[in-house]
**Student:** 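Here it is: the structure, laid out below.
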Amino acid sequence: MLKILLYFLGITLGWVLLYKFINPPITYLMVQRGFERKADGKSFKIDKQWLSFYELSNNLKKAAIAGEDANFMQHNGFDFEAMQKAFKKNQKGKKLRGGSTISQQTAKNVFLWPGRSYIRKGFEAYFTFLIELCWSKNRILEVYLNVIEMGDGVYGAEKACQKYYGKSATSLSKAQAALLIAVLPNPRKWSPAEPTNYLSHRQYLILRNMRNLGKIEF
């Protein structure tokens, strides 16, 4: 049993250290979505293009933090205050509200499979701890913005910006960046190209939060 545990720790730590320097080529979700498209009679599609941290628009980085994880630069992977607020809101309403940080979402997207089981959440916490220990905040945000699902078969900010805005993710206005992040809760249902009133409201809130964040040094 001890030997199995040591193998697990060695393999997972090595995996995380490898992705500190090498960009993740594919994720479980990308493959799953590809087969879901095939089952629906569509082509297998994984549309992605990596941009380095410093190539990505600063407006986009700031919008991601403002919209997904306001305390990203301060916490160590877990925002317990946000989790508590999410738990209380879920207790009152029918809609599930997540309290996951950008670090947790990155750990889930890169190393794990989709789902809500306690086992997966446990692995998510473990990999979150590892990437916060081994990666910089810049690397976590870079990976997040390059692997996140942003449409049907579309992954990462660069391909999303090409699809929805006809431009690169290197140069986005604050409004464009905020709208792109606004769709993340349901990127296969919503589109920045056709913003609903709800999406426009989310965009407004993200823009407001971007102003409240103040200056962030990337």
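For the single chain, residues carry numbers from 1 onward in sequence order.
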**Student:** Name the orientation class of the two ring planes belonging to Phe123 and Phe8 (parallel below 30°, tilted from 30 to 60°, perpendicular beyond 60°).
**Tutor:**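 Taking Phe8 first and then Phe123, their aromatic rings sit tilted (interplane angle of 30° to 60°).
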**Student:** For Lys167, I'd like to know if atom NZ has over 12 heavy atoms of other residues, nucleotides or ligands within 6.0 Å.
**Tutor:**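 Yes, NZ of Lys167 has more than 12 neighbouring heavy atoms, counting only those of other groups under 6.0 Å.
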**Student:** Below 4.5 Å, heavy atoms only, C-beta onward: do Trp113 and Lys108 meet side chain to side chain?
**Tutor:**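 Heavy-atom side-chain distance check fails, nothing below 4.5 Å.
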**Student:** Output all residues satisfying salt bridge (charged side-chain N to carboxylate O under 4.0 Å, His left out) with Asp69, sequence neighbours left out; order by chain, then residue number.
**Tutor:**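 Expected list: none.
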**Student:** List the residues meeting side chain to side chain contact (heavy atoms under 4.5 Å, CB included) with Leu9, not counting sequence neighbours, and say none if there are none.
**Tutor:**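 Side chain to side chain contact (heavy atoms under 4.5 Å, CB included) list for Leu9, sorted by chain: Leu5, Tyr126.
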**Student:** Would you say that more than 12 heavy atoms from the other residues, nucleotides or ligands in this model lie under 6.0 Å from the OH of Tyr165, or not?
**Tutor:**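 Counting neighbours around OH of Tyr165, more than 12 heavy atoms of other residues, nucleotides or ligands fall under 6.0 Å, so yes.
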**Student:** Residues two or more places apart in sequence or in another chain: which of them pass salt bridge (charged side-chain N to carboxylate O under 4.0 Å, His left out) with Glu158?
**Tutor:**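 For Glu158 there are no salt bridge (charged side-chain N to carboxylate O under 4.0 Å, His left out) partners, ignoring immediate neighbours.
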**Student:** Evaluate Glu36 against Arg188 for salt bridge (charged side-chain N to carboxylate O under 4.0 Å, His left out), listing each step before the verdict.
**Tutor:** CA-CA 13 Å; Glu36 287 174 357; Arg188 292 193 297 165; 3.5 Å; yes
**Student:** Quick one: CG on Asp47 to OH on Tyr155, what's the gap to the nearest 0.5 Å?
**Tutor:**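 Going from CG on Asp47 over to OH on Tyr155, the span is 10.0 Å.
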**Student:** What is the ring orientation for Trp135 with Phe111, classed by angle as parallel under 30°, tilted 30 to 60°, or perpendicular over 60°?
**Tutor:**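 Aromatic pair Trp135/Phe111 classed tilted.
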**Student:** Among all residues two or more places apart in sequence or in another chain, which pass the side chain to side chain contact (heavy atoms under 4.5 Å, CB included) test with Ala175?
**Tutor:**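 Applying side chain to side chain contact (heavy atoms under 4.5 Å, CB included) to Ala175 gives Ser173, Gln203.
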**Student:** Please report the shortest heavy-atom distance between Gly67 and Ile206, naming the atom on each side.
**Tutor:**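 Where Gly67 meets Ile206 most closely, the heavy atoms are CA-CG1, 3.8 Å.
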**Student:** Can you tell me how far apart CG (Leu199) and NE2 (His201) are? Round to the nearest 0.5 Å.
**Tutor:**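 Between atom CG of Leu199 and atom NE2 of His201 there are 11.0 Å.
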**Student:** Apply the side chain to side chain donor-acceptor pair (under 3.5 Å) test between Asp152 and each candidate in Lys163, Arg37, Arg33; give the one that qualifies.
**Tutor:**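 That would be Arg37.
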**Student:** Establish, yes or no, whether a centroid distance under 6.0 Å links the rings of Trp190 and Tyr198.
**Tutor:**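 Yes, they do, as the ring centres are separated by less than 6.0 Å.
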**Student:** Taking atom CZ of Phe129 as the centre, does the number of heavy atoms from other residues, nucleotides or ligands within less than 6.0 Å exceed 12?
**Tutor:**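 Atom CZ in Phe129 is not crowded, with 12 or fewer foreign heavy atoms closer than 6.0 Å.
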**Student:** If you compare all heavy atoms of Ala157 against all heavy atoms of Leu56, which two are closest, and at what distance to 0.1 Å?
**Tutor:**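 Taking Ala157 first and Leu56 second, the nearest heavy atoms are CB-CD2, 4.3 Å.
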**Student:** Could you tell me which residues satisfy side-chain hydrogen bond (donor to acceptor under 3.5 Å, both in side chains) with Asn209, sequence neighbours excluded, listed by chain and number?
**Tutor:**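 side-chain hydrogen bond (donor to acceptor under 3.5 Å, both in side chains) list for Asn209, sorted by chain: empty.
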**Student:** Should the heavy atoms of other residues, nucleotides or ligands under 6.0 Å from CD of Glu194 be counted, would the total exceed 12?
**Tutor:**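 Incorrect, the count does not exceed 12.
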**Student:** Measure across Tyr164 and Ser191 and return the closest heavy-atom pair with its distance rounded to 0.1 Å.
**Tutor:**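 Closest approach of Tyr164 to Ser191, heavy atoms only: CE2-OG, 3.4 Å.
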**Student:** With rounding to the nearest 0.5 Å, note down the distance linking CG in Leu184 to CD in Glu149.
**Tutor:**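 Here the rounded value is 9.5 Å.
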**Student:** Step by step, work out the side-chain contact (heavy atoms from CB on, under 4.5 Å) result for Gln105 and Tyr144.
**Tutor:** CA-CA 8 Å; Gln105 292 181 58; Tyr144 173 77; 3.5 Å; yes
**Student:** Compare every heavy atom of Pro192 with every heavy atom of Leu179, then report the nearest pair and how far apart it is.
**Tutor:**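 That closest heavy-atom pairing would be CD2-O, 3.4 Å.
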**Student:** Without hydrogens or angle criteria, can the side chains of Glu55 and Ser52 be said to hold a donor-acceptor pair below 3.5 Å?
**Tutor:**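 Glu55 vs Ser52: donor-acceptor pair found between side chains.
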**Student:** Taking atom types as modelled, is there a side-chain donor on Asn59 or Lys62 under 3.5 Å from an acceptor on the other?
**Tutor:**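 Side chains of Asn59 and Lys62: no pair found under 3.5 Å.
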**Student:** Do side-chain atoms of Asn146 reach the backbone of Leu51 as a donor and acceptor pair under 3.5 angstrom?
**Tutor:**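 Confirmed, Asn146 side chain pairs with Leu51 backbone.
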**Student:** Out of curiosity, does Tyr19 fall in the hydrophobic cluster containing Ile131 (side-chain heavy atoms, cut-off under 4.5 Å, transitive links)?
**Tutor:**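 Same cluster.
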**Student:** Among side-chain atoms of Thr128 and Gln104, is any donor-acceptor pair under 3.5 angstrom?
**Tutor:**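 The answer is no; no qualifying pair exists.
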**Student:** Are Ile148 and Leu29 grouped together when hydrophobic residues (ILVMFWY) are joined by side-chain heavy atoms under 4.5 angstrom apart?
**Tutor:**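 No, it is not one cluster - the side chains of Ile148 and Leu29 are not joined through contacts under 4.5 Å.
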**Student:** Output yes when a side-chain donor or acceptor of Ser168 lies under 3.5 Å from a complementary backbone atom of Thr170, and no otherwise.
**Tutor:**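 Yes, Ser168 side chain to Thr170 backbone: donor-acceptor pair under 3.5 Å.
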**Student:** Should we count CD1 of Ile119 as having more than 12 external heavy atoms under 6.0 Å?
**Tutor:**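 Atom CD1 in Ile119 is not packed in, count stays at 12 or less.
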**Student:** Going by the side chain to side chain contact (heavy atoms under 4.5 Å, CB included) test, name the single residue among Val143, Leu145, Ile140 that passes it with Ile102.
**Tutor:**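 The option that passes is Ile140.
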**Student:** Just checking Lys174: does its NZ atom have more than 12 heavy atoms from other residues, nucleotides or ligands closer to it than 6.0 angstrom?
**Tutor:**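 No, the 6.0 Å shell around NZ holds no more than 12 heavy atoms from other groups.
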**Student:** Hydrogens and angles aside, do Glu142 and Trp50 bring a side-chain donor and acceptor to less than 3.5 Å of each other?
**Tutor:**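 Glu142 vs Trp50: donor-acceptor pair found between side chains.
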**Student:** Are there more than 12 heavy atoms of other residues, nucleotides or ligands under 6.0 Å from atom CG of Asn197?
**Tutor:**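 No.
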**Student:** Once side-chain hydrogen bond (donor to acceptor under 3.5 Å, both in side chains) is applied, do any residues pair with Lys48, and if so which ones, sequence neighbours excluded?
**Tutor:**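 In terms of side-chain hydrogen bond (donor to acceptor under 3.5 Å, both in side chains), with neighbours along the sequence ignored, Lys48 is linked to no residue.
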**Student:** Rounded to the nearest 0.5 Å, what's the gap from CZ on Phe35 to CD on Gln32? Could you check?
**Tutor:**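 Answer rounded to 0.5 Å: 10.5 Å.
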**Student:** Closest heavy-atom contact between Ala177 and Leu172?
**Tutor:**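 The pair with the smallest heavy-atom distance is CA-CD1, 4.2 Å.
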**Student:** Locate the shortest heavy-atom distance separating Arg116 from Arg120; write the atom from each residue and the value.
**Tutor:**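 Scanning both residues completely, I find the closest heavy atoms to be N-NE, 4.2 Å.
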**Student:** Do Tyr28 and Ile11 belong to the same hydrophobic cluster, where Ile, Leu, Val, Met, Phe, Trp and Tyr are linked whenever their side-chain heavy atoms lie under 4.5 Å apart, directly or via other members?
**Tutor:**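 Shared cluster, no.
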**Student:** Centre of Phe72's six-membered ring, under 6.0 Å away, within 45 degrees of the axis: is that where NZ or CZ of Lys137 sits?
**Tutor:**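 Checked: cation-pi criterion met.
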**Student:** Check the surroundings of atom OH in Tyr204: do more than 12 heavy atoms from other residues, nucleotides or ligands lie under 6.0 Å from it?
**Tutor:**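 No, because the 6.0 Å sphere around OH of Tyr204 holds 12 heavy atoms or fewer from other groups.
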